[in-house]
Structures are given as structure tokens and as C-alpha cells.
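The next block holds one structure in the form of C-alpha cells; read it before the comments.
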Amino acid sequence: GCDTASGSGADYSVMQVVSLDGMEQIAELRAQIPTDVFAAKIAAYINGIAGITSNYIAAVEYEKYGATVIWELEKTHGIKVFKTDKGKYWETDSITKPMMIMDMEELIRKDKIIINSETLYNECFIYNYDDKGSTNAAPSYNDDSIISLAIALQMRKSIRPRFTATELEVFYGAPKTRHNEMDIEK
């Protein structure tokens, strides 16, 4: 799941990777970089794990800067980007955000997901409900890692029922190595 920022300011562009065969966060990219560089890093990660671009799908939030990342991934790098059954990219809105946050919160609370990122783990502690019942990071903090994980979990939830385990293995392949954090300087 990918939450995209402009590359300047306080927000980060974040990619979280969740395993399909288990509930584990297996990779994270978090950086303040331009959108084209973020797209290139996502593509490099997918190509490094899959060996070929056609076996993996990126789930990029279609908001503000996400449209640029989606365009770069599809047109420049040949990466498939998740679309709903209605052919739309993932949008976080007043309906999908509470759903994805509640689903993620339940998995964390019930200890059904393994989080390997200290940054993500720390963001969970400063993420809260405001007076209107909306969820956000505390003032002066970020929630980019949380949003990207929530998107990844929604994509995992959406994709898994459509395929058998064998079809998923053929479609996604198995990761060759485990990556807790991606070296963004490469």
C-alpha cells in the first residue's frame, strides 16, 4: 500500500508491503522524495522481489500526488496498479478511511499482524480519534505509515478471496528475501 506526498514539507511518501500468505509487514519504504523517484523506487522493489513486473500489483492511494505515482508506475515502469471491480484506483474518503482504519486497528489489537517497522509501530501510538470521531495523527506527527499499511491490508483483503492459494502463488510468486526496510539510496 502506498501513501504519497509531494517530496517536500512534513509528510512522507510511504510504501508498506504485507505478505499474502501471512499477516506480516515485510517491507517499508519511507522517504521525502519527489513522486517520480518514489514511483521508481516502488518499481525497483517490485522488480527486485518478483524478478518481473507483471507478477505484482501496487496499491497506490489516488489522492493529490498519488495520480502522478500511478501514471509513472503504469506508463514508465509497466507496473500494474490495483483497481476496484469498478475500474477505479483506491481512494481514501469518508467511507473507506474509517473502514480501513477499523480493520487495521482490529488486526493490531487482536495481535493478528506482525509489524516489523519501528516507525510504523511508533505512529500507531500517536494515532487517535479526534472530537468529531475522525482518526488522525496527533498534531505535529505523521500518519503516512499507518495509512499505507491500512491501504495494503485492504488490498490484501480484496485480492485474496478472488484467487486460490495456488493461483496467488503463480500470480505473485514468493518473495526471494525478506526486507524489513528498503535502502532508499540505491
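Just so it is clear, the model here is predicted, and its values are computed rather than measured.
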Legend entry - Pair Thr96-Asp93, side-chain donor/acceptor within less than 3.5 Å: yes
Inset, instruction - Would you check if there is a donor-acceptor pair between the side chains of Ser134 and Tyr129 at a distance under 3.5 Å? - result: no
Inset, instruction - State, yes or no, whether a side-chain contact exists between Phe82 and Gln154 at a heavy-atom distance under 4.5 Å. - result: no
Inset, instruction - Report yes or no: do Ile42 and Ile33 belong to one cluster of Ile/Leu/Val/Met/Phe/Trp/Tyr joined by side chain heavy-atom distances under 4.5 Å? - result: yes
Legend entry - side chain to side chain contact (heavy atoms under 4.5 Å, CB included) against Phe125, all qualifying residues, sequence neighbours excluded: Tyr121
Inset, instruction - Check whether Ile147 and Leu107 end up in the same hydrophobic cluster, where Ile, Leu, Val, Met, Phe, Trp and Tyr are linked by side-chain heavy atoms less than 4.5 Å apart. - result: yes
Inset, instruction - May I ask whether Val14 and Met155 are part of the same hydrophobic cluster, defined by side-chain heavy atoms of I, L, V, M, F, W, Y residues being less than 4.5 angstrom apart, directly or through others? - result: no
Legend entry - Shortest non-hydrogen separation from Ile79 to Ala58 and the atoms involved: CG2-CB, 4.2 Å
Legend entry - Under 3.5 Å donor-acceptor, Glu61 side chain and Glu91 backbone: no
Legend entry - Beyond-backbone contact of Gln32 with Ser13, side-chain heavy atoms, under 4.5 angstrom: no
Legend entry - hydrophobic_cluster_shared for Met102 and Met100, side chain cutoff 4.5 Å: no
Inset, instruction - Would you indicate whether the side-chain heavy atoms of Ser148 and Ile151 approach each other to under 4.5 Å? - result: no
Legend entry - Donor-acceptor side-chain pairing of Glu28 and Ser117 below 3.5 angstrom: yes
Inset, instruction - Using side chain to side chain contact (heavy atoms under 4.5 Å, CB included) as the criterion, list what pairs up with Tyr89, not counting sequence neighbours. - result: Tyr62, Ile70, Glu74, Val81, Lys83
Inset, instruction - For residues 95-110, pull every pair meeting salt bridge (Lys or Arg N to Asp or Glu O under 4.0 Å), keeping only residues two or more places apart or in separate chains. - result: Asp103-Lys157, Glu105-Arg109, Glu106-Lys110
Inset, instruction - State, with a plain yes or no, whether a side-chain heavy atom of Leu153 is found less than 4.5 Å away from one of Ile113. - result: yes
Inset, instruction - Decide whether Leu73 and Trp71 are clustered together by the hydrophobic rule: side chain heavy atoms of Ile, Leu, Val, Met, Phe, Trp, Tyr closer than 4.5 Å, transitively. - result: no
Inset, instruction - May I ask you to decide if Asp130's main-chain N or O and Asn136's side chain share a donor-acceptor pair within less than 3.5 Å? - result: no
Inset, instruction - Evaluate the side-chain proximity of Asn116 to Ile114: yes if any heavy-atom separation is below 4.5 Å, no if none is. - result: yes
Inset, instruction - May I ask you to test the Thr92-Glu63 pair for a side-chain heavy-atom distance under 4.5 Å? - result: yes
